[in-house]
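Everything below concerns the one structure shown next.
Just so you know, residue 1 is the first one in the sequence shown, and it goes up from there. Computation of the quantities below employed the complete heavy-atom set of this structure, encompassing side-chain atoms and omitting hydrogens, waters and symmetry-equivalent molecules.
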Amino acid sequence: MGRAVAEALRAGGVEVTTTSRVAGRADVMVASGAELDALLAERDLGQVVHLPQLTATDGGAFLDRIDGPRWLVFSSAQLDSAVPRPGDDLARAHEALALARGATVLRPTMIFGRGGDRNVSRVIRHLRRYRVPLVVGDGRQLVQPVHVDDVAALVAAHGRGPVAGLFPVGGDEQLVVGELVDRLRRALGVHVPPVRIPSRGLRFFARLPLPGLRPDQVLRLEEDKVVDTSAVRAAFGWAPLPLARRLDEAIAAVVTRGQGRETTSR
């Protein structure tokens, strides 16, 4: 996400300074509130984009420096979920702190694109590898994935005219999971009909120690993941590109990354 934002801003002629808690991973290492103070004092920054998850225990040290809507803070639409995740209380407290200090706070839905995400791109990778589509439950859960490049475009729009407040962010289309999987299946030439995992089976799996998945992540597969984007569109004059185009781009990115790995391994 950070790389996509930096690339989009630089392509638009914006001077960007990237930061990281780890030396060598960005332009400047910022591992404490004091180091952030020094950076803010040294440079005249028109926009400050905060990307770390709000569940980070040291997040308050950075968010306490917010001085108005030039700060753009990323939260998550998962805070609206009925299934709690570890750190939700802390994330809500950090979100409230950011809003109280006048920041712009974004709550994006499923961010995907560029081949590496664990949302749409993971489904694409599964379909390419196993050629068997999977659908949880009846496949009628609504989703609204948003492409990482559309989110980066929103960051650029915020930089041109900051507006304080909390804004849900999603893609241009809401659709049921079954239709999303069908679109990807057809685009990839997979002719096997979807294998459905019943909801009762999902709740059974949620009790197992699955590698890479927490129980709450499994249970949230049954939830709708859609938001109302009218406020963010009106505030920033932003509109995501059509989902059909973004899915094509996501497939191309997964294929390109896969070919790159094959070349490297050879």
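The side chain to side chain donor-acceptor pair (under 3.5 Å) check on Arg245 picks up Glu249, with sequence neighbours excluded. In this view, Asp117 and Ser121 satisfy the side chain to side chain donor-acceptor pair (under 3.5 Å) rule, not counting sequence neighbours.
Ring pair His50/Phe62 is tilted by interplanar angle, where 30° to 60° counts as tilted.
Remark: Arg92 CZ is packed, more than 12 non-hydrogen atoms of other residues, nucleotides or ligands lying under 6.0 Å away.
Residue Val49 is grouped with residue Ile111 when hydrophobic side chains (ILVMFWY) are merged at heavy-atom distances under 4.5 angstrom, including chains of intermediate members. Residues Leu9 and Phe236 are members of one and the same hydrophobic cluster, defined by side-chain heavy-atom contacts under 4.5 angstrom among Ile, Leu, Val, Met, Phe, Trp and Tyr. No chain of hydrophobic side-chain contacts below 4.5 Å, direct or via other Ile, Leu, Val, Met, Phe, Trp or Tyr residues, connects Val227 to Val169.
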Report task. Could you walk me through whether Glu173 and Arg183 pass the salt bridge (Lys or Arg N to Asp or Glu O under 4.0 Å) test, one step at a time? Result -> CA-CA 13 Å; Glu173 186 176 343; Arg183 287 194 193 183; 2.4 Å; yes
Query raised in the report: Would Arg43 and Asp27 satisfy salt bridge (Lys or Arg N to Asp or Glu O under 4.0 Å), going step by step from the backbone distance to the final call?
Result: CA-CA 13 Å; Arg43 308 192 185 193; Asp27 299 327; over 6 Å; no
Query raised in the report: Is there a side-chain contact (heavy atoms from CB on, under 4.5 Å) between Arg128 and Val255 once you walk through the steps?
Result: CA-CA 9 Å; Arg128 291 188 71 235; Val255 171; 3.7 Å; yes
Report task. Take Asp80 and Arg107, measure what salt bridge (Lys or Arg N to Asp or Glu O under 4.0 Å) needs, and give me the verdict at the end. Result -> CA-CA 10 Å; Asp80 283 330; Arg107 278 189 175 183; 2.9 Å; yes
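Across all non-hydrogen atoms, the minimal contact from Lys225 to Thr109 is O-CG2, 4.0 Å. For Gly170 against Val146, the heavy-atom pair with the smallest separation is C-CB, 3.7 Å. Between Arg70 and Leu40, the shortest heavy-atom contact is NH2-CD2, 4.2 Å. Here the closest non-hydrogen pair linking Met1 and Ala152 is CE-N, 4.4 Å.
Within the structure, every pair that satisfies the ring pair (Phe, Tyr, Trp, His ring centres under 6.0 Å) test and touches residues 90-139, not counting sequence neighbours, is listed here: Phe112-His147, His126-Tyr130.
Listed for the Thr55 side chain is no donor-acceptor partner under 3.5 Å among the backbone atoms of Ala91. Between the side chain of Asp172 and the backbone N or O of Pro240, no donor-acceptor pair lies under 3.5 Å.
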